[in-house]
Peer 1: 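Pasting a structure below so you can have a look.
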Amino acid sequence: MMRIRIDGQDYHVDDGLTVFEACRRQGIEIPHFCYHERLAIAGNCRMCLVELDSSPKPIASCAMPAAEGMDIRTDSPMVKKARHGVMEFLLINHPLDCPICDQGGECDLQDQAMAYGRFHSRFDENKRAVAEKPFGPLIKSSMTRCIHCTRCVRFATEVAGIEDLGALGRGENVEIGTYVEKALTSELSGNMIDLCPVGALTSKPYAFKARSWELRKTDSIDVMDAVGSHIRLDSRGTEVMRVLPRRCDAINEEWISDKTRFAYDGLKLQRLDRPWLRHSDGVLRPSDWQTIEDVCVEKIKQTDGTRIAALAGELCDCESMFMLKELLDGVSCPHRDCRPFGTFLPWQERWQYLFNTTIAGIEEADACLLIGAYPRYEAALVEARLRKRYLQGGFQGRAFRVGTKLPAHWQIEDVGESPHSLTELADSGHRVAQAFKQAKKPMIIVGMGALQRSDSEAIWHHIMALVQAFGVIRDDWNGFNVLHTRASMVGGMDVGFVPSQGGEARKGIEERARQGSIDVLWLLGEDDVDEETLKKPFVIYQGHHGERGASAADVIVPVPAYSEKDALYMNMEGRLQRGLPAVPPLGQAKEDWRVLTDMANRLGQTWAYQSQRDARRAMQKAYPLFAEKIGNIAAKKEKIELSYRQNGHSDVLNDTPLHSPLVNYYQSNVIARASQTMGRCVSELGGAVATKEKAK
């Protein structure tokens, strides 16, 4: 600790802080544009000038380290005059666009010009104009407004990992842009909009749609991937107008992925807003709730429970999966699954399907091995954390990957594409084995590319052997992690939406449906099902978008999307999260808990749920994990025992390289596929993972 004086008052502050940070921690406001706590210090804007007793002129507080005995003044006449001058210079070329600028009402330049600027300008020269830069389908540029704070440049280089932006020219001719004319290809590029303190970078899909003061702001949770980023839904009337990040240091810091930010227009397109029933002539026609409930209940009553099955999709909340599971248990149905086709992932022990290190815990790891995991496309915020740790020097050359060579935003060594490489890594003389034995906190990240294969069980046993050999799980550290791609998967496994005794998993359910031994197939928001699977059974589709599952359904049960309901989710870490409704359900759509309660009661199961809270209490009673405080990692006491088979039938590996099952980053779920913005991203940027690989 050191003692400094600020505006005549003594304070004790931590060592290593800058003058700006020291003042801010004491609640003293210093205006700034270029400074951002998660970016490198640039010292461009000079708006943070303060007076220092040992300096004859004002100093930039963001770049000056605080020292013992400093006497700092933040409101002296010299400081006020300096800030007036800086603001006057910043506004020399700034256009008078405020009435038409989308940054209006949220503009740092507006706010600080009012608080710290002069009431008139002494310059009457013509303002310069800068051509608009083509940054792609997501970011709208008006570079005449740019004040050259370089926040966007630093974010692109440091966080996003794309060195495409920079300052070109000198003096009055300097411009921020790409070195060669091209669109930005980062999965995190939209965060530059939030970072821009003026209206130089704004959202292209949101342009001229609404003003910030018109919007109702609702806290929610992202379901585009399994990270569970904290987001804010801004809505007007019955429409979500934009999605912004909320700060959460443990998960997404203050960033979100482009898919999370821009896919919101898919919430209003291709929606199911009324019940539908397929008639005897094979045509789907609008119906009413009474009729479709009668049809569903009668069909289930007539069918033996062993010939009923259910699949849960990637956007489902925990309550809906829990209640459907309870309904199926009431009719003795053991066939259900929340995992994608062909996934081998044990659910008996919770640590086996969690991201145990936690996302923030990545910053403590000193060795990393990716096995069939591609976080750049499957979890962009995890990729950002890995890059952050790499830039800190935490991995020290101990970062490896087994799988196809897709581009990453941090330096990683490829040690093989085939799962046979796993047997080589187990050799104590291999450089990976040596690196992990030297590491104090090693981590292994297993992706769906290793778990959605015909030989996934064999791969799993080899991974468990590596976990044991490398000492990845220790008394004070669990470095075993599963990188999920579905927001619903951890929650589904937590509530037991997996095969019960004698039940079939996803692969078996689909095979039996094609053979005709499944008579009723309940799709809970599941659209990744092929046509052959849906031809023979009676299909009940409970969801919010009319896609593949709905097109083949016999009964369509419309329910709200994630932005329209109060629901609980579990992210890949096992962290309990809650999303709140920003807008009301569309049309005649009914909440999941109401639909399932009505049907269960008509089946004779007599559920006494009068509200969402009642259903949630029942789930918490059955599964105490969900009684954990919102935002905490729901801990389950269990003894970790590593076991794996050797020389067994399930240990046969094939030669197919491990590759990501995610075919198209921008259109990975029903909301994103309905989004016109995501469609433009695919056409202009190339959404397919394979396309990006070739582009490199």
Peer 1: So that I can tick it off, tell me whether Glu253 and Arg247 are bridged by a salt bridge, with the cut-off set at under 4.0 angstrom between side-chain N and carboxylate O.
Peer 2: no
Peer 1: Salt bridge check, Lys259 against Glu187: does any charged N sit closer than 4.0 Å to a carboxylate O?
Peer 2: no
Peer 1: Between the side chain of Asp317 and the main-chain N/O of Leu568, is any donor-acceptor distance below 3.5 Å?
Peer 2: no
Peer 1: What about the rings of Phe155 and Trp255, do their centers lie closer together than 6.0 Å?
Peer 2: yes
Peer 1: Are Leu138 and Ser189 close enough that some pair of their side-chain heavy atoms sits under 4.5 Å apart?
Peer 2: yes
Peer 1: What I'd like to find out is whether the side chain of Cys196 reaches to under 4.5 Å of the side chain of Arg151, using heavy atoms alone.
Peer 2: no
Peer 1: Does this structure show an ion pair linking Lys507 with Asp337, if we count only N-O contacts that are shorter than 4.0 Å?
Peer 2: no
Peer 1: Using modelled atom types and a 3.5 Å cut-off, is there a donor and acceptor pairing between side-chain atoms of Glu526 and backbone atoms of Asp528?
Peer 2: yes
Peer 1: Taking atom CD as the centre, does Glu181 end up with more than 12 heavy-atom neighbours from other residues, nucleotides or ligands that are less than 6.0 angstrom away?
Peer 2: no
Peer 1: With side chains defined as the heavy atoms from C-beta onward, is the minimum distance between Arg336 and Leu324 less than 4.5 Å?
Peer 2: no
Peer 1: With distance as the sole test, does Gln110 use its side chain to make a donor-acceptor pair with the main-chain N or O of Gly105 at under 3.5 Å?
Peer 2: yes
Peer 1: I want to check something: taking the side chain as every heavy atom from C-beta on, are Ser142 and Glu132 in contact at a cut-off of under 4.5 Å?
Peer 2: no
Peer 1: Do the side chains of Arg514 and Glu510 get close enough for a salt bridge, i.e. N-O under 4.0 angstrom?
Peer 2: yes
Peer 1: Using side-chain heavy atoms (C-beta onward) and a distance below 4.5 Å, is Met489 in contact with Val482?
Peer 2: no
Peer 1: So, does Thr150 use its side chain to make a donor-acceptor pair with the main chain of Val153 at under 3.5 Å?
Peer 2: no
Peer 1: Between Arg242 and Glu106, is the closest basic N to carboxylate O distance under 4.0 Å?
Peer 2: yes
Peer 1: Has the side chain of Asp273 got a donor or acceptor atom that lies under 3.5 Å from a matching backbone atom of Gln588?
Peer 2: no
Peer 1: Donor-acceptor pair, Ser456 side chain versus Leu451 backbone, under 3.5 Å?
Peer 2: yes
Peer 1: Only pairs at least two apart or in different chains count here, so list each salt bridge (charged side-chain N to carboxylate O under 4.0 Å, His left out) that has a residue in residues 189-212.
Peer 2: Asp194-Arg261
Peer 1: Taking the basic N atoms (NZ, or NE/NH1/NH2) and the acidic carboxylate oxygens, is any pair closer than 4.0 Å for Asp598 and Lys590?
Peer 2: yes
Peer 1: Does the pair Leu39 and Val159 meet the rule for a side-chain contact (heavy atoms from CB on, under 4.5 Å), with working shown?
Peer 2: CA-CA 8 Å; Leu39 303 177; Val159 180; 4.0 Å; yes
Peer 1: Run the salt-bridge test on Arg232 and Asp219 with the 4.0 Å N-O cut-off and return the result as yes or no.
Peer 2: no
Peer 1: Counting only heavy atoms not in His230 (residues, nucleotides, ligands), do more than 12 fall under 6.0 Å from its NE2?
Peer 2: yes
